Amino acid sequence: KNNPGCAPGPRPWPIIGSLHLLDKYKTPFQVFTELSKLYGDVFSIDLGTSRCVVVNNFKLIKEVLIAKGADFGGRPDFIRFHKLFGGDRNNSLALCDWSSLQRTRRSIARTYCSPRFTSLQYDHVNDVGTKEIAVFLRELRKLDLSKPCDLKPLVLAACANMFTQYMCSTSFDYNDRDFKTVVRTFDEIFWEINQGYAVDFLPWLLPVYSRHMKKLSDWASGIRQFILARIIDEHRATLDHGSPPRDFTDALLLHLEEDPNMNWQHIIFELEDFLGGHSAIGNLVMVTLAAIVQHPEVAKRIQAEVDTVTGGKRRPNLFDKAAMPYTEATIWETLRTASSPIVPHVATVDTEIDGFLVDKGTVVFVNNYELNLGQDYWNDPLSFKPERFLSSSGKVVKPAHFIPFSTGKRTCIGQRLVQCYTFIILANLIQHFDIKRAGNLKLQPGCVAVPPDCFQLMLTPRRTTD
Ligand code: HEM
């Protein structure tokens, strides 16, 4: 029964609350939109043992994320999140509660993970990306392209190398066994984090999930061993305390010595977390390709754009992005239609949304699916149309309600890297190949992840100068 003053919502069943309602559509966010028509733009819903509130329109979403961001800085206490981060989700940047430690971790990351357009870091991102693209294209040429190919492992390896080179000044051979395993494990984790499980809301189901939980802990420790042995050890041995940091890894190690609040675990987890970001980009590239093969006219327009900008004589790089608005718009349109969920927030104090009481500990779901695909926000929202992000003068424009990386104090730290590396990979792939589908494209709505073993694609080389 709802407390007076709390937002209305469906009457919960014993034990499971309203969990059974979430199965009605392919994504829980579609269910949230349906329920908001019955109960209003902010409604309460009990999911298992968790008291939750769902916020469904842009005005109220801004109230939660910006105006009252300080009241909603926590994250849900799912057991899976603890297992993935050495037994404590507060080791994770995305899944921890807000704290002064989190403020420090975000600020160390900012210089490296949010490079500004005119900065040296931005040049460096470009340099790393374009060098790795050369390796990636060489690897692609080794494949038998007369048959459908598994592009995902190569895309992920390229993304992983862009990240390790940029953040740790090192990269790996695509056939290095340990590297391949770690890239695959990161991808398994990315898929895992994008799935919802009953045990998140019904923790007493834990014994049923014991093997699954062990798998998560094992994944995490495998990754940690690789990062320690193949990246951090060397950095520690060659760290020059008198010089500016060479990269993000150095910056973290130097910070460890200066800041009594940071310990060794924090450093390793922060590096691990950011390196893991490459999986998000690799998956976004795959989802973008899935959209493009279903809309061949989009690939044609990207090819026309890249051919004009490069004159067909060189590979595109980040400094071509401003002259390739359609390619950039295609990435935004993919982010809109894929509609990756915003990580749930949690109220850290007793507070209110739109005048309704929200108790401390309440999980808050931000219904960004509605912002991305709702009739009230877009014309013809279900169609894939990159040009919706282009102004009449051909510049990229994004409406204020479009927040694929969220907004406010917990906004995505990796969003600039996402825009840079997704652009480089996509522009180069489409420049060099005609890409067609080769069978069923397994895609999950409301999700920017594709399964670790996903669809294959047909790649036909175009006539280019290299
Ligand atoms: C497809 C690409 C990506 C998308 C759509 C995406 C989206 C998001 C969203 C929606 C959030 C939640 C913000 C909130 O709770 O209000 C988030 C958080 C975060 N993202 Fe991303 N992200 C992507 C890639 C990346 C990458 C590549 C990195 C790292 C380099 C990264 C690092 C983070 C971190 C550290 C947080 C947690 C911030 C915090 O809780 O304080 N993300 N992201």
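Ligands are counted one by one from 1 in listed order, and the atoms in each one are counted from 1 as well. Only a predicted model underlies this, so the values are computations on that prediction, with no experimental measurement involved.
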Self-check item: side chain to side chain contact (heavy atoms under 4.5 Å, CB included) partners of L101, counting only residues at least two apart
Solution: S99, R105, M262, H266
Quiz item: Would you say H345 and ligand 1 have an N/O pair spaced under 3.5 Å apart?
Solution: yes
Practice problem: Just need the protein heavy atom nearest to atom 12 (C) of ligand 1, so name the residue and atom and give the distance. | Solution: V343 CG2, 3.7 Å
Practice problem: Go through T422 and T334 one step at a time and tell me if the side-chain contact (heavy atoms from CB on, under 4.5 Å) criterion holds. | Solution: CA-CA 11 Å; T422 309; T334 306; over 6 Å; no
Quiz item: Can an N or O of Q102 be found at a distance shorter than 3.5 Å from an N or O of ligand 1?
Solution: yes
Practice problem: Could you check F186, Y421, F190, Y166 and say which one makes a ring pair (Phe, Tyr, Trp, His ring centres under 6.0 Å) with H278? | Solution: F186
Quiz item: Any donor and acceptor pair, going by atom type alone, linking the side chain of S18 with main-chain N or O of L47 inside 3.5 Å?
Solution: no
Quiz item: In terms of atom number and element, which parts of ligand 1 are under 4.0 angstrom from non-hydrogen atoms of S406?
Solution: 13 (C), 14 (C), 16 (O)
Quiz item: Only one of V293, D150, I292 forms a side-chain contact (heavy atoms from CB on, under 4.5 Å) with L457, so which one is it?
Solution: V293
Quiz prompt | Donor-acceptor contact present, side-chain R80 to main-chain E192, <3.5 Å | solution = yes
Quiz item: Counting heavy atoms not belonging to Q195, are there more than 12 under 6.0 Å from its CD?
Solution: yes
Practice problem: Looking only at protein heavy atoms, identify the closest one to atom 13 (C) of ligand 1 and say how far it is in Å. | Solution: R410 O, 3.0 Å
Quiz item: For atom 21 (Fe) of ligand 1, how many protein N, O or S atoms lie at less than 2.8 Å?
Solution: 1
Quiz item: Does an N or O anywhere in R75 fall below 3.5 Å from an N or O of ligand 1?
Solution: yes
Exercise. State the atoms of ligand 1, each with its element, that fall below the 4.0 Å cut-off from a heavy-atom position in F163.
Key: 27 (C), 30 (C)
Quiz item: Near L93, which atoms of ligand 1 are under 4.0 Å from a heavy atom of that residue?
Solution: 35 (C), 37 (C), 39 (C), 40 (O), 41 (O)
Self-check item: Derivation of the ring-ring contact (aromatic ring centres under 6.0 Å, His included) call for F172 and F226
Solution: CA-CA 12 Å; F172 301 90; F226 179 87; 5.2 Å; yes
Quiz item: Which pair of heavy atoms, one from C168 and one from D247, lies closest together, and at what distance?
Solution: C-OD2, 3.1 Å
Exercise. Any atoms of ligand 1 less than 4.0 Å from a non-hydrogen atom of I342? List them with their elements.
Key: 10 (C), 14 (C), 15 (O), 16 (O)
Exercise. Considering heavy atoms of the protein only, find what lies nearest to atom 39 (C) of ligand 1 and give residue, atom and distance to 0.1 Å.
Key: R106 NH1, 3.2 Å
Quiz item: So which bit of P404 gets within less than 4.0 Å of ligand 1, heavy atoms only: side chain, backbone, both or neither?
Solution: backbone
Quiz item: Considering only the protein, which heavy-atom contact is closest to atom 29 (C) of ligand 1, and what is its distance?
Solution: F274 CD2, 3.6 Å
Quiz item: With side chains defined as the heavy atoms from C-beta onward, is the minimum distance between L120 and H124 less than 4.5 Å?
Solution: no
Practice problem: In sequence, state the C-alpha distance, the side-chain angles, and the governing distance for F32 and Y369, and then conclude on ring-ring contact (aromatic ring centres under 6.0 Å, His included). | Solution: CA-CA 9 Å; F32 292 160; Y369 194 83; over 10 Å; no
Self-check item: Test of ring centre spacing under 6.0 Å for F389 and W378
Solution: yes
